[in-house]
Amino acid sequence: MGESPMHGRSLLQHGQAHNKAVAAHLPGLPSFMNLSKTFIDLKKLGSSHASYVTSHPTPVDTVAQSHRPVCFGKQATLLGSFCVAPTTAEEDADPEHKLPRITFSVQKAADAPGPLTIFLFDDEDNSWHRFWGSSIKNRSCDEIKGIAKAVVTNAGDGVPAYKNIMGKVPHLWYVVAVDCETRQCPKIESANLTFFHPNSDGSGEACTGLPEAALALKNSLIEGMHALSIQSILHVAGLTPFGVFVLYLEFVIMFLFSILFLIWGVRAESAKRFLYFNTFFCTSISTMAYLAMATGNGIFVLRRLNSEGKSASWHLTSASLDFQHAALSQEYAAMQTYPIFFARYLLQLFTSPLLLLDLFLITGVGFSTRAFMIFSNTMMVLCWLSGAFITKASRWGFWLFGMLFSLGVLIPMVGVLPTAAARKGRAARRLYGRLMCVTLVVGVLYPWAWVLVDGSHALPEDLAALLYACLDFVSQCVFGVVLLRRVPAMAEWGDELQDDKQGAVMTATGSLSQEELEMGPEQEEDNL
């Protein structure tokens, strides 16, 4: 897009018709329509009221008016964005009458500390996305000026300015206000923008066609590179960078043990291979669960809200929405947070039965005991999962029932399975004894960890992440190493040995005479 100098100019026209959307696309945040809705939802939390109105007073004019517009990232305010269609040589020759033009007038709030700076960006050469990356890294306005298409300094007194725009391909243009003196959220009372578009209908359709596909892919790749920065990776709502680091560390540990168990399983003999693979299944599930939590996708966030006349209470939000709300409201961002590790309950729901299966195979306990322990374990996890999402005192009832169901796992583990293991010999009894000690330590600590973390929210969130990571490491990695160091052979789970056994039976059967095969049991006893 070609550039032209900024000019003083009165606003063309103002309309009062209400429109619900302003064509704005902000990386990492919803559209302007969603921004206004979210901001209104936060009104009860103490946020200022913001309003946005767009109108079309003439077929070639679009007016966007805002009152106390939302500040994103606590550093800049997006006043509006417009899709500018391509211009022709004839239109370029008459810039004052035929070129598209963005006219704007900004009035700062009475308590604003200083003048504002207005920046205009477009999506050519990633000007807008480069600004977004610079803004969130607290770079200076001099650096931002280097990527802006136009700059107006000492703005905010209501004096209008405009920019004529020319170009051969459609582009989105963004108008942004920044307080360059304090680098804090600019305080704006009102903003009026008029988009003069004689060569289009003013909609965003021209900017969503096929020519933009390659640009969108390029922008997505750039945003992905920003997301992979250390600052972005360690930012998860409800946790400090140390807590996120703990989750990533547990992810790496689980991944390495998964590879180790898989290699051991491939090299093991057939009669022992299933126990190796079953342990590999457990750590693999945990690997993906911790990756989800480390990236903020397996966590829900509780925020402690103070209501008038009432004591503070916890309220549930998702991590992604929580990030958006925190970017919109300083009051919301300052509230106390606490994470709910939702993905951990999912991993427990899948891995606990697999770990119990290891114990069942070693001891050879009966089917009824197996079914009872699996059912009790599942109900225990579901009770504590439900209680974690309940912010009222009734959550302690779910914890109590979870404790009762946990007894359905621990009591047979201590009273029934050791007897079954003793019947299978000394080696099975000793191996089960070691595994039972590991499992009992974790099984006794889990309920009280829930009390400190999801029940009372008393343990700091980083220590909560560290505590759960240690418990999962012991229950799966340490358990797996203890098991696989002295894994017993189970012919019934080894396909190759089972085939050899069947072949031996067939060979022995083939050596019998036809008369002996036709002889029934009673005839054999008579012959004896």
Side-chain angles (χ1 to χ4, degrees), residues 254 257-258 260-265 267-286 347-381 403-449 470-495 497-498 501:
M254 288 292 183
F257 271 93
S258 298
L260 177 64
F261 294 153
L262 178 61
I263 294 176
W264 285 359
R267 295 179 177 179
E269 59 182 276
S270 177
K272 300 181 178 181
R273 190 170 297 156
F274 177 79
L275 289 176
Y276 284 95
F277 284 171
N278 191 50
T279 309
F280 161 73
F281 298 155
C282 293
T283 53
S284 297
I285 295 172
S286 297
L347 86 84
Q348 278 189 303
L349 204 58
F350 287 101
T351 59
S352 297
L354 296 178
L355 294 173
L356 290 177
L357 178 59
D358 287 336
L359 301 181
F360 297 157
L361 295 177
I362 293 172
T363 60
V365 70
F367 178 79
S368 59
T369 303
R370 300 185 186 192
F372 180 79
M373 293 180 68
I374 292 293
F375 171 78
S376 299
N377 178 82
T378 303
M379 292 301 299
M380 174 191 69
V381 175
M403 281 287 292
L404 295 177
F405 281 115
S406 70
L407 296 178
V409 179
L410 299 179
I411 292 177
M413 189 180 297
V414 176
V416 179
L417 269 65
T419 304
R423 297 195 194 103
K424 298 194 68 174
R426 181 181 178 185
R429 179 176 59 82
R430 294 183 62 182
L431 176 59
Y432 174 75
R434 297 189 182 96
L435 296 176
M436 182 184 69
C437 292
V438 174
T439 307
L440 283 178
V441 169
V442 176
V444 171
L445 291 179
Y446 263 132
W448 305 108
C470 292
L471 290 176
D472 289 335
F473 174 78
V474 173
S475 65
Q476 297 181 40
C477 299
V478 175
F479 180 95
V481 172
V482 172
L483 169 64
L484 300 182
R485 283 184 60 192
R486 299 181 180 275
V487 58
M490 298 178 298
E492 64 272 18
W493 290 87
D495 296 334
L497 289 185
Q498 193 170 9
K501 181 179 179 180

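Sequential numbering from 1 along the given sequence is applied to the chain's residues.
For the pair Met254/Leu347, no side-chain contact is recorded, criterion being any heavy-atom separation below 4.5 Å from C-beta on. Under the 4.5 Å side-chain criterion, counting only non-hydrogen atoms from C-beta, Ile362 is in contact with Leu483. Residues Val365 and Met373 fail the side-chain proximity criterion, which asks for heavy atoms closer than 4.5 Å. Taking 4.5 Å as the limit, every side-chain heavy atom of Phe281 sits out of range of all side-chain heavy atoms of Thr351. Between Leu417 and Thr369, the closest side-chain pair of non-hydrogen atoms falls below 4.5 Å. Leu356 is listed as a side-chain neighbour of Val409, based on a closest heavy-atom distance under 4.5 Å. A heavy-atom distance below 4.5 Å is found between the side chains of Ser475 and Tyr446.
The distance from the OG atom of Ser284 to the CZ atom of Phe277 is 11.0 Å, given to the nearest 0.5 Å. Atom SG of Cys282 is separated from atom CG of Asp472 by 11.0 Å, given to the nearest 0.5 angstrom. Taken to the nearest 0.5 Å, the OG1 atom of Thr363 stands 10.0 Å off from the CE atom of Met413. Rounding to the nearest 0.5 Å gives a distance of 12.0 Å between CZ of Phe479 and OG1 of Thr283.
With sequence neighbours left out, Asn278 forms a side-chain hydrogen bond (donor to acceptor under 3.5 Å, both in side chains) with Asp358. In this structure Gln348 satisfies the side-chain hydrogen bond (donor to acceptor under 3.5 Å, both in side chains) test with no other residue, sequence neighbours excluded. Residues passing the side-chain hydrogen bond (donor to acceptor under 3.5 Å, both in side chains) test with Thr279: none are found, sequence neighbours excluded.
What you find for Tyr432 and Ala421 is that their closest heavy atoms are CB-CB, 4.0 Å. Closest approach of Met403 and Trp448 over heavy atoms only: CE-CZ2, 4.5 Å.
Atom CZ of Arg434 has more than 12 heavy atoms from other residues, nucleotides or ligands within 6.0 Å. For Phe372, the CZ atom sits in a loose shell: 12 or fewer heavy atoms of surrounding residues, nucleotides or ligands are nearer than 6.0 Å.
Between the side chain of Thr439 and the backbone N or O of Met436 there is no donor-acceptor pair closer than 3.5 Å. Ser352 places no side-chain N or O within 3.5 Å of a backbone atom of Leu349 that could act as its donor or acceptor partner.
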>> Let's go through Thr378 and Ile374 carefully: what are the C-alpha distance in whole Å and the side-chain angles of both, what is the deciding distance for side-chain contact (heavy atoms from CB on, under 4.5 Å) to 0.1 Å, and is it a yes or a no?
In response: CA-CA 6 Å; Thr378 303; Ile374 292 293; 4.3 Å; yes
>> Show, in sequence, the C-alpha distance, side-chain angles and deciding distance for Arg485 and Trp264, and conclude whether the side-chain contact (heavy atoms from CB on, under 4.5 Å) test is met.
In response: CA-CA 10 Å; Arg485 283 184 60 192; Trp264 285 359; 5.7 Å; no
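The distance between the ring centers of Tyr276 and Phe280 does not fall below 6.0 angstrom.
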